[in-house]
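One structure is given here, and the rest of the page talks about it.
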Number of protein chains: 2
Amino acid sequence: MTEQQISRREQNKLETRRAIAQAALDLARTHGMGGFTAEQIADQANVSRRTFFNYFHSPEEALIVSTESFLDRAEAELAARPQNEPILDAMIAALAATTKVENLKDCGDLFRMAAGNPDLLGTHLLAWERAEARIISAVEHRLRDQASTLYVHALVGSLLSCAKAAMSEWASSETADSGNDNNDAQSLENSIVATLTMLRDGFSRPFS
Amino acid sequence: MTEQQISRREQNKLETRRAIAQAALDLARTHGMGGFTAEQIADQANVSRRTFFNYFHSPEEALIVSTESFLDRAEAELAARPQNEPILDAMIAALAATTKVENLKDCGDLFRMAAGNPDLLGTHLLAWERAEARIISAVEHRLRDQASTLYVHALVGSLLSCAKAAMSEWASSETADSGNDNNDAQSLENSIVATLTMLRDGFSRPFS
DNA sequence: GGTAAACTTGCACAGCGTGCAAAGTTGCAC
DNA sequence: GTGCAACTTTGCACGCTGTGCAAGTTTACC
């Protein structure tokens with residue numbers, strides 16, 4: 001954890017970005033998806049409509065911040081695994097660790113909201129696609145000359161599909177309990193490990 | 001192959017739809033992605049802008065027709081496999097057969113165009129997502145009580161990710177040759193079978 | 001041929017997304 | 001602390017998307 005030198009300018013921008021994302025999330029929860037405009041988000045965050053579009057390309061983009069930090073976390077955790085660890089074990093450990101991310105509940109909400117709104121779903125899928133490209137680069141670098149491009153693309157695509165499946169299942173069966181976030185995080189982790197183990201050992205083994 | 005009773009109305013609608021999709025594809029090839037509007041597509045297809053939007057929700061949607069028939073084909077081929085065949089062998093055979101689809105080259109173009117245009121990519125990903133949901137239903141029905149929901153979601157997601165990886169690789173290394181489409185189809189089929197075999201047997205086996 | 005249903009079209013309108021230039025902030029050197 | 005350079009916010013204008021609505025046109029069927 002390197003102590004970053006953050007100028008006042010950077011701080012302000014981060015704070016504005018955070019405020020906009022929070023405003024968008026609040027509006028989505030109160031008005032429902034599709035029930036608000038970029039202008040309303042901007043107003044709620046106390047910036048102009050134009051400034052909103054300086055930070056996000058679309059109203060939907062403002063909602064997927066939690067997923068992006070989840071995916072950033074996955075990438076970082078993977079990079080932190082030892083180089084000699086088998087790639088699939090490294091992936092399982094890395095994805096399991098993502099459940100420690102701060103705003104995990106927001107990710108769940110996002111999955112639920114995206115299920116009912118094509119625009120949001122498309123934006124959400126794009127975020128996963130961008131993360132996939134980054135992880136592919138990292139894995140290609142890690143396995144240089146040990147694996148074909150096709151292998152790496154298929155592997156990373158499947159990895160993220162399995163993670164998505166686990167999160168989707170977890171999100172749809174999430175309790176509305178205010179308490180025990182730990183239980184939730186643990187059950188998600190179990191699902192992720194379960195799907196990735198199938199991936200490692202082959203899907204033709206006995207079904208769980 | 002059931003002989004369909006198609007009324008004049010249905011014929012006209014199909015023809016209009018085909019004309020619009022073709023116009024969109026032509027414009028994309030000549031003007032490049034993002035270099036044309038819904039109105040231009042409509043003009044080229046000799047319909048009004050409003051009619052264009054009766055057929056497609058967005059300009060991008062008009063471009064992904066070839067991918068949708070590819071995915072429809074995958075779904076149909078899978079449904080046609082014998083019930084007692086192991087699910088992964090059925091999937092491999094079904095996806096391999098999709099390379100016989102008519103407009104395979106258009107699919108390749110689409111992959112290339114989507115790589116450079118987020119809007120088109122998002123729409124493309126949505127089409128795969130919709131197909132995923134349909135295939136999940138089919139597989140859940142086929143494996144009723146033999147597999148958990150999580151298993152089926154992870155499996156089908158991975159299946160399509162592997163197919164996507166194969167198509168993406170194939171599209172990016174496609175020759176501009178006018179001739180031998182068969183060679184192209186065969187090399188795509190080989191890639192698809194290769195990735196799905198990894199999926200069946202587990203990605204921790206020796207890399208190809 | 002006439003009628004009902006289905007399809008097309010024009011119009012209007014709300015919202016998205018961006019280029020541009022003017023106004024307001026912040027960082028830094030003196 | 002003054003002033004300048006770099007950066008950020010904002011308003012404005014503009015073209016495009018996507019949809020409801022009502023009037024016009026085509027098709028099916030009797």
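Between the side chains of A:Ser161 and A:Ser158, no donor N or O sits under 3.5 Å from an acceptor N or O. Remark: the B:Thr67 side chain and the B:His124 side chain contain an N/O donor-acceptor pair separated by less than 3.5 Å.
Rounded to whole Å, atom C1' of C:dA21 lies 14 Å from atom CG of A:Asn54. Look at CZ on B:Phe52: it is 11 Å from P on D:dT19, rounded to the nearest Å. To the nearest angstrom, P of D:dC16 lies 14 Å from CD of B:Glu60. Look at CG on B:Asp43: it is 10 Å from P on C:dG10, rounded to the nearest Å. Spacing between atom CZ of B:Arg17 and atom P of C:dC7 amounts to 13 Å, rounded to whole angstrom units. Here the P atom of nucleotide D:dA6 and the NZ atom of A:Lys13 are 16 Å apart, to the nearest Å. Atom CD in A:Glu15 sits about 17 Å away from atom C1' in C:dT25, given to the nearest Å. If you measure from atom CG of A:Leu14 to atom P of D:dT8, you get 11 Å, rounded to the nearest angstrom.
One can find a donor-acceptor pair under 3.5 Å joining the base of C:dG19 and the side-chain atoms of A:Arg50. The base of D:dT27 is paired with the side chain of B:Arg9 by a donor and an acceptor separated by under 3.5 Å. For B:Arg49 against D:dG18, a side-chain N or O and a base N or O form a donor-acceptor pair under 3.5 Å.
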field: Check against side-chain contact (heavy atoms from CB on, under 4.5 Å), B:Lys164 and B:Glu169
entry: CA-CA 8 Å; B:Lys164 248 188 285 188; B:Glu169 167 124 329; over 6 Å; no
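Of the candidates D:dT9, C:dT18, C:dT8, the closest approach to any side-chain atom of A:Thr16 belongs to D:dT9.
Looking at heavy-atom distances under 4.0 Å, B:Asn12 makes contact with sugar-phosphate atoms alone, never a base. Using a 4.0 Å heavy-atom criterion, one finds that A:Tyr55 contacts the sugar-phosphate atoms exclusively. Residue-level contact check: B:Thr51 touches the bases, meaning some heavy atom is under 4.0 Å from a base atom.
Taking 4.5 Å as the limit, some side-chain heavy atom of B:Glu68 sits within range of a side-chain heavy atom of B:Arg130.
One N or O on the side chain of A:Asn117 and one on the backbone of A:Leu120 form a donor-acceptor pair closer than 3.5 Å.
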